[in-house]
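The structure presented is a predicted model; accordingly, all values stated were derived computationally and were not measured. Both counts, for ligands and for their atoms, begin at 1 and track the order of listing.
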Amino acid sequence: MISKSALADLPSPAPRSADPDALAAEIIERLTYSIGKDAKVAKPHDWLTATILVIRDRVIDRWMESTRQTYDTGGKRVYYLSLEFLIGRLTRDAVSNLGMLDEVRAALGSLGVDFDAVTSLEPDAALGNGGLGRLAACFMESMATVDVPAFGYGIRYVHGLFRQQMSDGWQVELPETWLANGNAWEFQRRESAYEIGFGGSVDGIGANPAETQRCVWKPQERMVAVAYDTPVVGWRAKRVNTLRLWTAQPIDPILLDAFNAGDHIGALRESNKAEALARVLYPADQTPAGQELRLRQEYFFSSASLQDILRRHLQEYGDLRSLPDKVAIQLNDTHPAISVAELMRLLIDIHRFGFDAAWEITRKTFSYTNHTLLPEALESWPVPLFERLLPRHMQLVYAINAKILRNARLERGFDEDQIRSVSLIDEGGDRRVRMGNLAFVGSHSINGVSALHTDLMKQTVFSDLHGLYPDRINNKTNGITPRRWLMQCNPGLFSLIRDAIGDEFMDNTEALSALDAFAGDSEFCARFAAVKRDNKVRLANLVARRMGIKLDPSAMFDIQIKRIHEYKRQLLNIIEAIALYDQIRSHPERDWVPRVKFLAGKAAPSYHNAKYIIKLANDVARVINNDPAVRGLLKIAFLPNYNVSLAEIMVPAADLSEQISTAGMEASGTGNMKFALNGALTIGTLDGANVEIQEHVGKDNIIIFGMTAEEVAERRENGHEPRPIIEASRELSQALTAIASGVFSPDDRDRYAGLVAGLYDHDWFMVAADFEAYADAQRRVDALWVDEEAWYSRTILNTSRMGWFSSDRTIRQYAKEIWKAGP
Ligand code: 26V
């Protein structure tokens, strides 16, 4: 150890230079001395690692300064707890936010290495399923950008979301191994390690009544959570925050007694058990896996994060009573909701707070974001499982519940139905702990992610809890980071905008509105169109290379990319493509607008219908793409292995963005924002954030169709009968008959019998009910496309008016209205 006085005299490292020559020299030095490779034999991955190490040094300077600054000013810290961070690649983002793109490119160039080729070797960090995880990644970048001191906490999964391969049109899942070549961005923090327990028994302690609430939990199983830190650079490197991901390790790496007794396999069992916990990300979004390992993951990362937060707070302030003044913890959905009970446990059992004082601190510290209303996605755990794994937390959940229900009955006069609905325990059928209700009562703020979703939250899942706590629910409409989703993914559009309106939009996305003035400028429209065309050529080349399908970049690029889910209605899109195919063949004399329909997305491995939808897309693509009667007017491409990096290529290339979920079911959507920002028109329902996108871009610049959320609810209530609707539409019934009779699956004619029967039988997602409206809307899109200049003028107005959807705006709202943190 070094004495405090000596510390003051320690030399500081020389600040790192951003000069290309200095960068090049350092890259060579790292290659030689950190990686141990001669430049002459270095592999592309070695260059990537050396480059990251050199960039990382530049980040570290800012990182330490940010940490020091928060410490010195005693500012409030935000902790974003999320089981998912869907980051994608980090290197280009970091270099760009440091403002060093040109320098690093030049440095590598002088060494004969291509920056784009090297950075594209970086694997995507795919530690998330979809929207919720990507939002967490955008928020991390925006928190650093708007100068909110923040930590993201999650799990360092060894295997992120599976790699999707197509085998004869079927999805096949392969393990994803993003750490195979190491990860030069992260720092292991062996000193930040915490013990995590499971199971065992609970003893009450304290003879005097005031202390009866304190208990000692003796877990039967124990492991250690070890931290890995990744720096997150904000725009212009104003601040660098930390993403801290936990990995699980055994307390004793090897049980020596067992080993010495000759049980070599048994000696390793504990170690395997611990390491299994952080091994894989659950790949089923919107459907609870309901498995013990998932609950273990949730508790493991919640407990590690809270222990870390409390340790840091005590170290700085010495007293946990001030926790809510210095700490805001955001629960990203219910996945970390067990944190409510864990903080209570730590405060009561370890730090000797009384129940009521602990509850006050807990509620003031937590806030919770809900990301879905789908009933099957609302997490709940069977009481017996919960009790076995977390016996002390079970007691605390009962105690919290008693307090809440007492208040609801006595002070608010709730009747038994209302009591049943606000209870933390679902007593209908097998008893279950409701994580949404736990997160709600343990938080001072509960937010939805779009205006519509927040309204529906109040009316549906949380209506009685909203009645009990009417001030808690609020809205924070999602956003996207304009750095990754405009500046980096669309450099052509970025420079075009910069030439036209200057630099202000780079720091204030809403300044994009200056582009409004250019919507009527035909020369600008032509330049905008040229940028779009370049992006389409790039995508067409990728499709040709990867799939051998030849595409015409002058066709309309119509894109639907997102998780495959019935409520997102990829099926509606495919059925409409079949109807169009039929029309093109029946009316060859008409002037059809050439279109390419792109689809991409992963299905949860156990989601039967979603997997059939993928297969159907591929079957239909094969038939249509190879039918000479179509004369290339319609093509379909299902791109395998959709991920963040693929989105970065597809989004800038879209003319038309498909956002066609059943109204009331998509909480917000964020892909919708990415497309509109990059100059695509949206065809969409009045769902999620589409409603607000329409308000911003204007009714003339978006194509809205279909039932509203209210109409969907009403129709379901009155018993929706799809059959007469299908029979009344010649186009729809022909398309469904074609699918059901095996036109697209001659090798297995009954393959889609089930999928089609679902539409005739219940049509829960209103595919049949919305079909006519959708097909009409598509023909309106065709009509708009024909007037090229008017089309581009509309797309320019989309880009111009999407600035509000920056995640910087969202984060500022969270900071001001929920966290009371930041500048
Ligand atoms: C639930 C579960 C259940 C247990 C198994 C693993 C798992 C993983 C994820 C989820 C919830 C997913 C909820 C979600 O991703 N919601 C999406 O959130 C986006 C950001 O707010 C929003 O834009 C999308 O509309 C919404 O579907």
Side-chain angles (χ1 to χ4, degrees), residues 80 82-86 126-139 154-155 157 160-162 280-298 301 330-338 368-381 434-436 439 447-454 456-457 461 475-481 485 561-569 601-602 604-607 647 659-675 684-685 687-693 709 805 807 810-811 814:
Y80 199 81
S82 178
L83 261 191
E84 307 193 5
F85 289 92
L86 189 44
L127 310 183
N129 274 286
L132 163 148
R134 183 53 235 177
L135 185 75
C138 284
F139 277 9
I155 291 182
Y157 303 105
L161 188 61
F162 64 86
V280 299
L281 164 77
Y282 271 93
D285 76 333
Q286 314 274 9
T287 37
Q291 279 144 5
E292 181 173 331
L293 183 61
R294 170 79 182 183
L295 180 55
R296 283 173 178 263
Q297 288 184 337
E298 294 184 353
F301 104 105
Q330 189 70 36
L331 304 173
N332 198 24
D333 217 288
T334 56
H335 314 154
I338 187 64
Y368 152 55
T369 306
N370 172 281
H371 293 270
T372 179
L373 300 174
L374 296 197
E376 64 269 31
L378 299 176
E379 281 190 302
S380 68
W381 295 103
R434 291 174 170 148
M435 302 311 272
N447 74 282
V449 291
S450 74
L452 174 66
H453 167 237
T454 300
L456 293 172
M457 249 169 78
V461 268
N475 177 244
K476 296 287 168 283
T477 299
N478 283 166
I480 56 172
T481 165
W485 298 111
I561 45 178
K562 48 186 81 245
R563 283 299 286 257
I564 311 295
H565 209 294
E566 287 164 284
Y567 84 81
K568 295 179 188 281
R569 298 201 294 192
K602 292 174 181 173
S606 60
Y607 191 167
Q659 308 301 336
I660 59 176
S661 50
T662 315
M665 301 195 80
E666 188 70 271
S668 160
T670 45
N672 46 3
M673 302 169 190
K674 292 162 197 164
F675 282 107
T685 45
D687 199 14
N690 294 355
V691 177
E692 289 151 89
I693 292 177
F805 294 90
S807 45
T810 315
I811 286 301
Y814 274 86

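Nearest residue to atom 15 (O) of ligand 1 from Val449, Leu132, Asn672 is Leu132 (criterion: closest heavy atom). Residue nearest to atom 25 (O) of ligand 1, selected from Glu666, Met673, His335: Glu666 (by heavy-atom distance). Of the options Gly669, Ala377, Gly671, the smallest heavy-atom separation from atom 23 (O) of ligand 1 is shown by Gly669.
Contacts with ligand 1 closer than 4.0 Å are made by side-chain heavy atoms of Asn478 only, the backbone lying farther away.
The shell of residues lying under 4.0 angstrom from ligand 1, judged by heavy atoms, includes Ala284. Under a 4.0 angstrom heavy-atom cut-off, Arg563 registers as lying outside contact with ligand 1. Contact analysis puts Tyr567 in contact with ligand 1, with a non-hydrogen atom separation below 4.0 angstrom. Ligand 1 is never approached by Arg134 to a heavy-atom distance shorter than 4.0 Å.
Here's the thing with Asp333: none of its N/O atoms is less than 3.5 angstrom from an N/O atom of ligand 1. Distances between N or O atoms of Lys568 and those of ligand 1 include no value under 3.5 Å. Not a single N or O atom of Glu379, backbone or side chain, sits closer than 3.5 Å to an N or O atom of ligand 1. For ligand 1, one of its N or O atoms has an N or O atom of His371 under 3.5 Å away.
Here is the list of ligand 1 atoms found below 4.0 Å of a heavy atom in Glu84: 8 (C), 9 (C). Listed by number with element, the atoms of ligand 1 under 4.0 Å from a non-hydrogen atom of Ala667 are 25 (O). Listed by number with element, the atoms of ligand 1 under 4.0 Å from a non-hydrogen atom of Arg294 are 4 (C), 5 (C), 6 (C), 7 (C).
Side chain of Glu692 to main chain of Ala451: a donor-acceptor pair is present (N/O by atom type, distance under 3.5 Å, no hydrogens or angles). Asn690 places a side-chain N or O within donor-acceptor distance of the main-chain N or O of Gln659, the cut-off being under 3.5 Å. Using a distance-only test at 3.5 Å, with no hydrogens or angles considered, no donor-acceptor pair links the side chain of Glu84 to the main chain of Ala136. With hydrogens and angles disregarded, a donor-acceptor distance shorter than 3.5 Å links the side chain of Ser807 to the backbone of Ile480. Although no hydrogens or angles enter the test, the distance criterion places a donor-acceptor pair under 3.5 Å between the side chain of Thr810 and the main chain of Thr477. A donor-acceptor contact shorter than 3.5 Å links the side chain of Gln297 to the backbone of Val280.
Across all non-hydrogen atoms, the minimal contact from Leu293 to Tyr282 is CB-OH, 3.3 Å.
Separation of atoms OH (Tyr368) and CG (Asp333) is listed at 5.5 Å; rounding is to 0.5 Å.
Between Ile155 and Leu127 the shortest side-chain heavy-atom distance does not fall below 4.5 Å.
Ring pair His565/Tyr607: centre-to-centre distance below 6.0 Å.
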